[in-house]
*Asks:* 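Mind looking over this structure? Questions follow.
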Number of protein chains: 2
Amino acid sequence: MVQAPTRSTRQRQAVAELLAERTEFRNAQQIHAELRERGEKVGLATVYRNLGLLVQLGQVDMLQGADGEALYRQCGQRQHHHHHLVCRQCGKAVEVADPDLEQWARKLAVQHGFSEVSHTLELFGLCAECSRAAQAGDD
Amino acid sequence: MVQAPTRSTRQRQAVAELLAERTEFRNAQQIHAELRERGEKVGLATVYRNLGLLVQLGQVDMLQGADGEALYRQCGQRQHHHHHLVCRQCGKAVEVADPDLEQWARKLAVQHGFSEVSHTLELFGLCAECSRAAQAGDD
DNA sequence: CTTTTTGCAAATCTTTTGCACTCTA
DNA sequence: TAGAGTGCAAAAGATTTGCAAAAAG
């Protein structure tokens, strides 16, 4: 079982608030930097600790970016298992429903004698905005 | 375009051979250790360099394990995009076909204005053997 | 010989930890 | 005031990189 933090601190709130505002996936360092820019005095370790906490509480979604670093975001759908279509460039993300992978996975598992199956599925792409920006600027 | 290595070296062959033999996903360090055990004199950096090379050439599949480390394996299906059902414990893996994610992903992408979509999908579980072992020993 | 590869150690990078100190309840 | 929570710097891991020496063609 996951136990909720017992105390409310300025730092914890700051992290939670930041996540509540932005809908993009971002890594711990970006979040830390953004908090600093706002004048919040928070240590990087604390950001990591609180992000981990929020993830455990199911209040924040975490996924592994292409580079292997963890990306965080607060999602609307807290209950159901869902996936994301994430912009490689800016981190903007759309929550998408699970295309009955659940069943498919379970069936495959049985077929091959596997148990306790879980799956990871993420879609990466370029969002309209970034795509436009790319055409204009570089390339 | 990816360019093939120009020279064949003992170390490169050793890495390729090891991958050709085993069907489990394993990380670079494990591969390095295994080569050493066999008496092969190879540096860790070289293992990393060659694994990266093999991945670029499409001869080896790489995926991010749960802990974020890269796992490597040589797959039978070199052509088609496919996924894996991997044992969390021993790394044993089964190649599974893509459950028309391709289309689903493309459709979603269009709907949300995303382009150049790619996806990652991996199934993790406990293989029959490891499951048995777990029941017997620990737990 | 020329150029690719290697080995090793040092450098990166992300994330975690130890520990004394600071707040919350 | 007790103990959760924090900051900072050090530690841990995984992977990369610089560079001189070794090997391939």
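Order of the sequence lines sets the chain letters (A, B, ...), proteins ahead of strands, with each chain counted from 1. Side chains are part of it too, since the values below use all heavy atoms of this structure and drop only hydrogens, waters and symmetry mates.
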*Asks:* Any chance you could measure B:Glu102, atom CD, to B:Lys107, atom NZ, to the nearest 0.5 Å?
*Replies:* 13.5 Å
*Asks:* Using whole Å, report how far CD of A:Gln64 lies from C1' of C:dT15.
*Replies:* 11 Å
*Asks:* For B:Ile31, is there any backbone N or O sitting under 3.5 Å from a side-chain donor or acceptor partner on B:Glu34?
*Replies:* no
*Asks:* How would you list, by chain and number, every residue that makes a ring pair (Phe, Tyr, Trp, His ring centres under 6.0 Å) with A:His84, sequence neighbours excluded?
*Replies:*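 Ring pair (Phe, Tyr, Trp, His ring centres under 6.0 Å) list for A:His84, sorted by chain: A:Phe25, A:His82.
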*Asks:* In terms of hydrophobic clustering (I, L, V, M, F, W, Y; side-chain heavy atoms under 4.5 Å; direct or indirect links), are A:Val42 and A:Tyr72 co-clustered?
*Replies:*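 As far as the 4.5 Å side-chain criterion goes, A:Tyr72 and A:Val42 are connected within one cluster.
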*Asks:* Decide, yes or no, whether a salt bridge links B:Arg38 with B:Glu21 under the criterion of side-chain N to carboxylate O below 4.0 Å.
*Replies:*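 Yes, this pair counts.
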*Asks:* Parallel, tilted or perpendicular: which one describes the rings of A:His119 and A:His81, with boundaries at 30° and 60°?
*Replies:*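 Perpendicular.
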*Asks:* Rounded to the nearest Å, what distance is computed from the NE2 atom of residue A:His32 to the P atom of nucleotide C:dT16?
*Replies:*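 Whole-Å distance recorded here is 15 Å.
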*Asks:* How many Å lie between CG on B:Asp67 and P on D:dA12, as a whole number?
*Replies:* 18 Å
*Asks:* What's the CG-P distance between A:Leu51 and C:dT14, to the nearest Å?
*Replies:*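 The answer, rounded to whole Å, is 14 Å.
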*Asks:* Please report the distance, rounded to the nearest Å, between CE in B:Met62 and P in D:dT15.
*Replies:* 9 Å
*Asks:* Would you check if the side chain of B:Arg73 reaches a backbone N or O of B:Gly91 as a donor-acceptor pair within less than 3.5 Å?
*Replies:* no
*Asks:* Going 5' to 3' through nucleotides 5-10 of chain C, assign each nucleotide B (protein heavy atom under 4.0 Å from a base atom), S (under 4.0 Å only from sugar-phosphate atoms) or - (no protein heavy atom that close).
*Replies:* SBBB--
*Asks:* Can you tell me how far CG of B:Leu126 sits from CD of B:Gln89, rounded to the nearest 0.5 angstrom?
*Replies:*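 Going from CD on B:Gln89 over to CG on B:Leu126, the span is 6.0 Å.
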*Asks:* I need the CG-P distance between B:Leu63 and D:dA14, as an integer number of Å.
*Replies:*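 Spelled out: CG on B:Leu63 to P on D:dA14 is 16 Å.
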*Asks:* Under 4.5 Å between side-chain heavy atoms, counting indirect links through other Ile/Leu/Val/Met/Phe/Trp/Tyr residues: same cluster for B:Phe124 and A:Phe114 or not?
*Replies:* no
*Asks:* Would one find a side-chain N or O of A:Tyr48 under 4.0 angstrom from OP1 or OP2 of C:dT15?
*Replies:*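 Indeed, a polar side-chain atom of A:Tyr48 lies that close.
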*Asks:* Within residues 22-30 of chain A, which residues have any heavy atom lying less than 4.0 Å from an atom of DNA chain C?
*Replies:* A:Gln29
*Asks:* Between P on D:dT16 and CD on B:Gln56, what's the gap in Å once rounded to a whole number?
*Replies:* 11 Å
